[in-house]
Amino acid sequence: GTRIVYDRAFLLQCRNSPLTK
Amino acid sequence: TPAPPPGSGEHPIQFNYSLWFSKRTPGKQTTSYDQTLRFVGSFASVEQFWSYYTHLSRPSELSGHSDYHIFKEGIRPMWEDDANKAGGKWIIRLKKGIASRCWENLVLAMLGEQFMVGGEVCGAVVSIRYQEDILSLWNRTANDHVTTSRIRDTLKRILNLPPNTIMEYKCHTDSLK
């Protein structure tokens with residue numbers, strides 16, 4: 001299957017997502 | 001407690017992970033390592049990870065002899081676990097003051113699958129000590145030199161460490177002796 005790869009910048013961006021409680 | 005499935009709109013990660021915390025109490029050791037280990041929670045998405053992470057003290061703010069462990073779900077952060085028995089770890093000793101930044105970079109690289117070694121990575125640990133702090137990255141197969149070299153190169157790239165930083169690889173079986 002496909003590997004799910006994220007870079008640091010993207011992961012840091014998710015920190016501010018409203019989904020992150 | 002298994003990780004809940006990623007919620008709607010969340011970003012799944014390649015592997016689910018579990019977060020653990022341990023702290024050694026000063027003085028005589030009456031408890032085993034196993035007993036000091038506290039399970040914090042498991043996560044299956046980037047957003048679930050941050051939900052835990054943002055509520056924890058940063059490593060540099062911890063006192064005494066404390067460790068955070070993030071391991072793939074199902075692998076206990078100890079040598080005796082089947083996934084770790086034949087494994088080893090890269091150890092990086094850090095001067096006081098940079099552990100929080102380095103730990104975050106290490107964890108993000110692991111969760112984001114930046115190591116490119118398939119299922120070899122078991123987990124990562126940050127150990128807060130009195131004189132120095134220690135990062136370690138554990139993998140399954142200590143004698144797989146292609147994998148351990150690739151992990152070392154990735155660690156160097158993502159951690160942006162001072163040039164005199166020493167990196168050391170230890171097999172868990174050596175630690176047991």
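Labels below follow one simple rule: chain letters A, B, ... track the order of the sequence lines, proteins then strands, and each chain is numbered from 1.
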Under 3.5 Å donor-acceptor, A/T20 side chain and A/N16 backbone: no
Determine, for B/K156 against B/D153, whether the closest basic-nitrogen to carboxylate-oxygen distance falls under 4.0 angstrom. no
Any Lys/Arg nitrogen of B/D67 or B/R129 sitting under 4.0 Å from an Asp/Glu carboxylate oxygen of the other? yes
Please flag which part of B/S45 lies under 4.5 Å from any non-hydrogen atom of chain A: side chain, backbone, both or neither. neither
Is there a donor-acceptor contact under 3.5 Å from the side chain of B/S100 to the main chain of B/S60? yes
Judged by atom type as modelled, is there a donor-acceptor pair below 3.5 Å linking the side chain of B/N84 to the main-chain atoms of B/R76? yes
Name the member of B/E10, B/H11, B/Q114 that forms the most heavy-atom pairs with chain A at distances under 4.5 Å. B/H11
So which part of B/Q48 gets closer than 4.5 Å to some heavy atom of chain A, the side chain, the backbone, both or neither? neither
Under a 4.5 Å heavy-atom cut-off, does chain A meet the side chain of B/Y52, its backbone, both or neither? neither
Who wins among B/G7, B/G118, B/P12, B/G9 for the most heavy-atom pairs under 4.5 Å with chain A? B/P12
